[in-house]
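Every chain is numbered from 1, with letters handed out A, B, ... down the list of sequences.
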Number of protein chains: 2
Amino acid sequence: MERNKRNGRVTIRDVAREAGVSQSTVSHFLNHTASLSPETKQRIREAIKKLHYRPHLVARNFKKRRTASLGLFIPDITNLFYAELSRGVADAAREKGYSVILYSTSYQREMEKSFIELVEQGQVDGVVVSYSLIEDSLWNRLFDCGVPLVLVDIYPFTSRYPSVVMDNEKGMEMAIDYLHGLGHTEIAYLGEPPYVLTLVKRQRSFLASMQKRGFSVKEKWVLVEERTQLNRVEIGFSLGKRLLQNQSLPTAVVASSDLVAIGAMKAFLSAGMKIPEDISVVGFDDILLASYFHPSLTTIRQPKYEMGKMGVEFLLRLVEGESAFQNAILEPLLVERNSCRRLQ
Amino acid sequence: MERNKRNGRVTIRDVAREAGVSQSTVSHFLNHTASLSPETKQRIREAIKKLHYRPHLVARNFKKRRTASLGLFIPDITNLFYAELSRGVADAAREKGYSVILYSTSYQREMEKSFIELVEQGQVDGVVVSYSLIEDSLWNRLFDCGVPLVLVDIYPFTSRYPSVVMDNEKGMEMAIDYLHGLGHTEIAYLGEPPYVLTLVKRQRSFLASMQKRGFSVKEKWVLVEERTQLNRVEIGFSLGKRLLQNQSLPTAVVASSDLVAIGAMKAFLSAGMKIPEDISVVGFDDILLASYFHPSLTTIRQPKYEMGKMGVEFLLRLVEGESAFQNAILEPLLVERNSCRRLQ
DNA sequence: GTGAAAGCGCTAACAA
DNA sequence: TTGTTAGCGCTTTCAC
């Protein structure tokens with residue numbers, strides 16, 4: 001970078017001086033906000049080139065009272081579900097000229113707090129929230145600071161914000177339906193910590209769907225981890241092992257997510273069981289890699305990338321001044337692979 | 001957020017007025033940069049509370065000529081290698097008071113360019129680069145704009161910057177050594193596009209290590225994909241299938257990364273082969289989930305999280321004015337699982 | 001202990 | 001078509 005005498009950065013002033021015009025003329029040139037004479041333009045162009053001038057983005061946005069960036073609240077970027085969602089968010093944001101600041105909390109209170117503070121201090125123009133704040137008071141701080149918000153994969157527990165979710169009840173019902181169609185009636189549920197309503201709904205819908213069909217649900221077959229911070233795959237593994245401690249086993253298992261399903265499959269295989277011969281498994285999400293496990297995982301697909309993308313679209317409408325907003329509910333899709341067998 | 005009359009945001013001015021002191025006194029209060037009388041402090045505290053004042057981070061940093069954020073250049077956040085690395089970067093950054101802006105390019109020129117422009121325009125104080133810019137001229141723009149840089153998982157092709165890499169040659173040699181120890185001499189290499197030196201080194205080291213041991217390398221057993229943008233797992237799958245078209249097959253396969261290995265395993269299993277009975281597989285990276293595939297993947301571990309973390313540490317020294325810098329080379333570790341068998 | 005004033009790099013009325 | 005001026009919200013001398 002070229003440096004000017006004073007402090008380093010080449011500013012619009014330096015360009016103006018070099019070109020023999022005023023600051024505002026250079027600004028007009030940069031923003032095409034006035035028509036300038038060809039000669040002036042040329043002089044400015046040369047000055048810019050000579051000094052290697054680049055407008056200072058932050059100053060520019062500061063003046064315009066915006067940051068052109070969005071915050072992305074997620075619990076864990078190494079969870080493929082969130083990674084795929086993030087990609088949708090990042091792509092949509094970039095397309096509209098916004099940057100994405102990563103607020104990935106590792107499910108930790110401290111991190112939540114520190115990110116919320118950044119939001120309160122105006123670091124971003126809007127926030128995509130795919131995460132349930134553990135500490136309730138932080139939600140209030142987020143709401144109170146008046147920053148535009150969109151809830152993605154989080155149910156709109158308050159109706160003040162746009163949101164994008166998949167129909168989780170329906171997704172879970174499709175899973176049960178599918179297993180039912182294959183002749184299964186003895187089905188277990190393995191769940192990660194239901195710390196978001198999304199997960200609560202899956203669990204409830206599991207129970208409701210089972211009941212609706214007259215299938216009994218053994219308490220010991222509904223295993224839900226409590227400790228929020230654990231790795232999802234490890235949760236699945238440990239729940240899988242716990243399930244195997246039962247006297248009688250179900251013929252099929254539905255997991256709260258693919259990661260849990262994968263962990264559970266590992267537990268089953270490690271115990272010498274065969275999938276789907278000895279037990280069928282259905283996941284939830286359809287993460288990348290789901291089809292690469294052995295056996296490939298039958299699962300309920302969530303349109304993660306699209307959810308992220310749509311979330312940003314909804315958010316930016318708010319950011320750019322619209323007051324109306326939408327709450328989208330997307331459709332689940334069952335992806336049949338090789339982790340389930342037909343009984344008999 | 002409380003609003004003042006003029007434009008919305010409550011500023012330090014409003015607080016000063018409310019408390020009956022000057023702006024600078026409030027500033028001193030906020031920054032503990034002068035000792036104030038208890039009464040003044042109290043009045044300011046009350047005013048802040050009453051108005052729900054939050055200092056404006058951007059203005060603050062602008063004044064201080066910094067952004068307190070770092071850019072993270074990666075090709076794909078849904079590639080678990082980069083997701084894990086990103087976590088290290090994010091954690092270290094947060095710990096030091098910096099935010100992370102995601103520059104994930106999807107291996108696309110356009111994206112590269114648009115991110116480089118943001119860097120040139122001063123969006124960040126420093127950049128973690130774990131990505132080889134496809135377009136050479138963009139590297140120059142990055143270098144020329146004088147922003148502090150650290151290269152992570154990228155070899156320092158110029159010696160002007162700090163860097164963190166694992167010893168890729170050694171890692172690959174360990175893989176061959178390991179297979180050798182198990183009695184393998186017929187080994188194939190499946191490689192993703194060697195668009196970074198890191199990958200080139202793995203490939204070269206594969207050839208060198210084979211040669212050193214007097215193992216012949218069949219040309220048809222060294223398969224390397226060219227198309228940069230393809231998904232790594234799919235690359236592995238297609239290379240695996242291509243390998244199977246050979247008349248004679250190797251007894252073992254080394255992949256350029258775990259994702260490629262996983263794809264290849266899928267191809268082998270789909271063709272009715274058993275792993276490791278019919279063919280042994282060694283991966284590279286040890287991504288999360290590597291132990292959950294079937295069979296679990298023997299691989300060379302890269303300390304991804306630590307690399308990200310260390311990268312940020314190196315970078316921040318530069319950002320904070322130090323001129324000396326380090327180039328760290330980390331040690332690989334072979335993680336033995338179940339994807340390889342002893343011959344005989 | 002407190003405040004006046006200048007200025008970070010830029011945009012945007014408004015004037016000329 | 002070009003320039004003057006007044007800030008955006010804050011920090012930071014430097015004086016009192």
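A side-chain donor-acceptor contact under 3.5 Å links A/Y131 and A/E112. Inspection of the A/S130 and A/D153 side chains reveals no N or O donor paired with an N or O acceptor under 3.5 Å. For the 3.5 Å distance criterion, the side chains of B/S114 and A/R94 qualify, holding a donor opposite an acceptor.
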Worksheet entry | Dot-bracket encoding per residue of DNA chain D, Watson-Crick/G-U cut-off under 3.5 Å, | denoting interstrand | ||||||||||||||||

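In this structure, A/R65 atom CZ and C/dC10 atom P are separated by 18 Å, rounded to whole Å. B/R17 has its CZ atom 12 Å from the P atom of D/dG9, to the nearest Å. In this structure, the CD atom of B/Q121 is 13 Å from the C1' atom of C/dG9, given to the nearest Å.
For the salt bridge (Lys or Arg N to Asp or Glu O under 4.0 Å) condition, the pairs that include at least one residue of residues 96-109 of chain A, sequence neighbours left out, are A/R109-A/E135.
To the nearest 0.5 Å, atoms CZ (B/F314) and CD (B/Q326) are separated by 4.0 Å. A/S163 OG to A/I329 CD1: the interatomic distance, rounded to the nearest 0.5 Å, is 7.5 Å.
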Item to complete: Could you give me the CA-CA distance, side-chain angles and deciding distance for A/Q123 and A/Y103, then say whether side chain to side chain donor-acceptor pair (under 3.5 Å) is met?
Response: CA-CA 12 Å; A/Q123 190 183 41; A/Y103 297 146; 2.7 Å; yes

Worksheet item: Which nucleotides of nucleotides 10-16 of chain D have their base under 4.0 Å from a protein heavy atom (B), which only their sugar-phosphate (S), and which neither (-), written as one string 5' to 3'?
Response: BBBB---

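Contact annotation for B/V21: backbone-only contact, meaning every heavy-atom pair under 4.0 Å involves sugar-phosphate atoms and none involves a base.
A sub-4.0 Å separation between OP1 or OP2 of C/dA4 and a side-chain N or O of B/S22 is absent.
Of all the heavy atoms in A/L318 and A/F325, the pair that sits closest is CD1-CB, 4.0 Å.
Nearest-nucleotide assignment on DNA chain C puts the 5′-proximal partner with B/A34, out of B/A34 and B/F62.
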